[in-house]
Amino acid sequence: MTTLQQLNQAPTWHGAIKNYFTPADIACMRSVRGFDLGNYSFVVSHAPDIYQRVSLPPDAPGRMPEDSDPWTSDMISSFLAWMEAGYPEGQPEPVMMRKMAGAPVAGRLRKSLTSLSTEEVALLKTAFAGIMALGTEDLNGYFQNAAIHGLPLAYCQHHDPGFQPWHRVQMWAFENCLRTIKGCEEVTLPYWDFNELLPSWMYEAPFDSYTLPVDISAGSTSPYYKKGYQTQRYSPQQIMTNFNNDVVKSFANAQTEQWWDNFNGLLDNTPNLDFIQGHDSGHDSTGDTMSRQNVSAFDPIFWFYHCNLDRMWWIWQANHGAQDYEGFMKTIKNKNSSSYTVFTNNVVGKMNPWALNLKRDDLTAAYTIDLNNFDVAYESMVLSLPQPLSNKQVSLGMARVFETDTQEVNVRVDNLNRTRIPGTFKVHLLKDGVILDSSVFFQPDEVQKCENCMKNPVVHFDFRLPLQAVEGGLLSIQVEPNEKEMYGDTVPLKVLGNPEISVALLMKAP
């Protein structure tokens, strides 16, 4: 246990300072004066005034806290030491096994696939079979719902700040369609906890596969878009192995991030090591159909996969005071970013096609922040994830004092043009021709025809590796497309624009 003397020597925001502000203090100052004492950036910017106020005698006007016990001398000296050290943020406590207090109260309780009763599985089968039997033009039908995400409608937002909000609305809208089937009015969409082996009934009709009833891409010779194409996925054992090896580490990293910008990753030049990377790798690790953006939503597992991603986003929100609009906006670090714009501009943040089809102008990215707006709760708010990467950065904006890690580096592959790569691909980082690490990028077959993709035609990839693994050799990359027909096993470098490899030491605030 950390002693007060140790805190005085090296206090950090997460290690000590934030705990000096009680929930009552935070609520009082927020409601009366609009001050947010639970926010790191706010406290840093107001630290001198806070220090002066907590140092006043208990009966002095303006003393903080106003309605609770005054700070001890140890707490005051610790706060001053924190200021003098340059406001080090430190590392948050692990959130992997944190659980929200209280039972869910929403009308729609989404459960884990593995906790469904026999009756609940039977009801879910009835709902899925029911919407699969509807015609291809029926907006409540399975075909229309899957077609929104990929071909032929292609509304989906990927590698975009609207990515999380858009999929949250998609899960809710799909759940509404399931509820249109007679007798299924109370059915909810279960989530697939990646730590649990898929149950055997996921390989039984109607969850095992879906057959395209019509061609979905006129003129294409690809068998994946032709009438009669049947979705395919890996075995439960292979999927779990893939996730343990390549996927869950990114989700673990994401849950420790304090800023929404970094939680997503990739966007606005943030490291590509977090949630978006986990999403892309998860698609690729689940099966041949799930790895193909144009048809991935036709595999029934897609809906349970993304339901869990939504749960993980909600857990992150709960752990970072971001479950309402006011709290969430404080987690966006860069106010000039595309993420900030999508949540503050309702034209940019409109969730189509549902806002259009339902004539709901309120269906915006901002509206999706509070899951209670959809009357949804999750059975479990507990995540069991591996040890995340330690909280080290290539740059530390706020920190005036930092430590340099000479044992671990960040290798970035930058300026990679993805527009001529057909579909999902892997970037392999090599040293002297031997693969050190790999990263997945999930995208449609014809990127140049995707309006959303062309907003971000050039992308980057990050690899966190020991320094000794990369030094003393020649670093290079190899881009392997999942679809081999055009280029074979490796995409020619001339197709990739002008990619660059850089190696940076990592920094850590003390």
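Starting from 1, each residue takes its place in the sequence as its number.
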### Message
Determine whether the aromatic ring centres of residues Phe79 and Tyr87 are separated by less than 6.0 angstrom.
### Response
no
### Query
Just checking, any donor-acceptor pair under 3.5 angstrom between side chains of Asn482 and Lys426?
yes
## Note on the structure
Those residues at least two apart in sequence (or on a different chain) that pass side chain to side chain donor-acceptor pair (under 3.5 Å) with Asp370 are Asn372
### Query
Does Tyr305 have its ring centroid less than 6.0 Å away from the ring centroid of Phe194?
yes
### Query
Checking Arg360 against Tyr367: charged group under 6.0 Å from the ring centre and within 45 degrees of the axis?
yes
### Message
Does any part of the side chain of Phe425, heavy atoms only, come nearer than 4.5 Å to the side chain of Val491, both counted from C-beta?
### Response
no
#### Entry: Stepwise side chain to side chain contact (heavy atoms under 4.5 Å, CB included) test for Lys111 and Thr188
CA-CA 8 Å; Lys111 298 183 177 182; Thr188 55; 5.7 Å; no
### Message
If we count only N and O atoms by modelled type, under 3.5 Å, do the side chains of Asn410 and Asp462 hold a donor and an acceptor together?
### Response
yes
### Message
Within the 4.5 Å heavy-atom criterion, are Arg464 and Leu273 side-chain neighbours or not?
### Response
yes
### Message
So does Ser281 get a backbone contact from the side chain of Asp246, meaning a donor-acceptor N/O pair under 3.5 Å?
### Response
no
### Message
Once you measure the plane-to-plane angle for Trp13 and Phe21, does it fall in the parallel (<30°), tilted (30-60°) or perpendicular (>60°) bin?
### Response
tilted
### Donor on one side chain, acceptor on other, Asn264 and Thr270, under 3.5 Å
no
### Task
Could you tell me which residues satisfy side chain to side chain donor-acceptor pair (under 3.5 Å) with Gln293, sequence neighbours excluded, listed by chain and number?
His158
### Query
Do the charged groups of Glu175 and Arg108 touch, with an N to O distance under 4.0 Å?
yes
### Query
Hey, does Pro65 have a side-chain heavy atom less than 4.5 Å from the side chain of Thr22?
no
### Task
Step through it carefully: locate the ring centre of Trp71, locate the ring centre of Tyr20, and say whether they are under 6.0 Å apart.
yes
### Task
State which residue, out of Val447, Asp160, Thr419, fulfils the side chain to side chain contact (heavy atoms under 4.5 Å, CB included) condition with Cys453.
Val447
### Query
Mind checking whether Thr368 and Phe374 have side chains closer than 4.5 Å, heavy atoms only?
yes
### Query
Does the side chain of Ser439 pick up a donor-acceptor pair with the side chain of Gln277 at under 3.5 Å?
yes
#### Entry: Lys/Arg N to Asp/Glu carboxylate O, Glu500 vs Arg412, below 4.0 Å
no
### Query
Is a side-chain donor-acceptor pair under 3.5 Å present for Gln238 with Asn242?
yes
### Query
Side chains of Phe441 and Leu266: does their closest heavy-atom pair fall under 4.5 Å?
yes
### Message
Is a donor from one side chain sitting under 3.5 angstrom from an acceptor on the other, for Glu379 and Ser112?
### Response
no
#### Entry: Polar side chain donor-acceptor pair, Asp437 to His428, under 3.5 angstrom
no
### Task
Assess the pair Tyr191 and Phe304: is the distance between their ring centroids shorter than 6.0 Å?
no
### Query
For Gln237, does the CD atom have more than 12 heavy-atom neighbours from other residues, nucleotides or ligands under 6.0 Å away?
yes
### Expected output: side-chain Asp432 to main-chain Gly473 donor-acceptor under 3.5 Å
no
### Query
When the aromatic ring centroids of His167 and Phe163 are compared, is their separation below 6.0 Å?
yes
### Task
Indicate the ring-plane relationship of His279 and His283, choosing parallel, tilted or perpendicular according to the 30° and 60° boundaries.
perpendicular
### Query
When the aromatic ring centroids of Trp166 and Tyr155 are compared, is their separation below 6.0 Å?
no
### Task
Anything under 30° is parallel, anything over 60° is perpendicular, the rest tilted; go ahead and classify Tyr40 against Trp82.
perpendicular
### Query
With a 4.5 Å limit on heavy-atom distance, are the side chains of Arg53 and Ile50 in contact?
no
### Backbone of Ala322 reached by a side-chain donor or acceptor of Gln317 within 3.5 Å
yes
### Task
Check whether any side-chain heavy atom of Asp193 sits under 4.5 Å from a side-chain heavy atom of Leu113, and report yes or no.
no
### Query
With distance as the sole criterion, is a donor-acceptor pair present between the side chains of His320 and Gln258 under 3.5 Å?
yes
### Query
For Arg168 and Asp310, what are the C-alpha separation, side-chain angles and deciding distance, and is it a salt bridge (charged side-chain N to carboxylate O under 4.0 Å, His left out)?
CA-CA 6 Å; Arg168 176 164 283 178; Asp310 184 70; 2.5 Å; yes
### Query
Do Ser337 side-chain atoms and Lys333 backbone N/O form a donor-acceptor pair below 3.5 Å?
no
### Query
Taking Asn417 for the side chain and Leu496 for the main chain, is one N or O donor matched with an acceptor at less than 3.5 Å?
no
### Verdict with reasoning, Glu480 to Thr490, per side-chain hydrogen bond (donor to acceptor under 3.5 Å, both in side chains)
CA-CA 5 Å; Glu480 177 188 356; Thr490 305; over 6 Å; no
### Query
Do Asn345 and Val342 touch side chain to side chain, with heavy atoms closer than 4.5 Å?
no
### Query
Under 6.0 Å between the ring centres of His159 and Phe442?
no
### Task
For Pro58, enumerate each residue passing the side chain to side chain contact (heavy atoms under 4.5 Å, CB included) test, keeping only those at least two apart in sequence or located in another chain.
Pro70
### Task
Using distance alone, with no hydrogens and no angle criterion, decide if Arg110 and Tyr378 have a side-chain donor and acceptor under 3.5 Å apart.
yes
#### Entry: Main-chain N/O of Ser291 paired with Thr424 side-chain donor or acceptor, under 3.5 Å
yes
#### Entry: Pair Thr72-Asp74, side-chain donor/acceptor within less than 3.5 Å
no
### Message
Tell me if a side-chain donor or acceptor on Asp324 pairs with a main-chain N or O of Gly327 at a distance below 3.5 Å.
### Response
yes
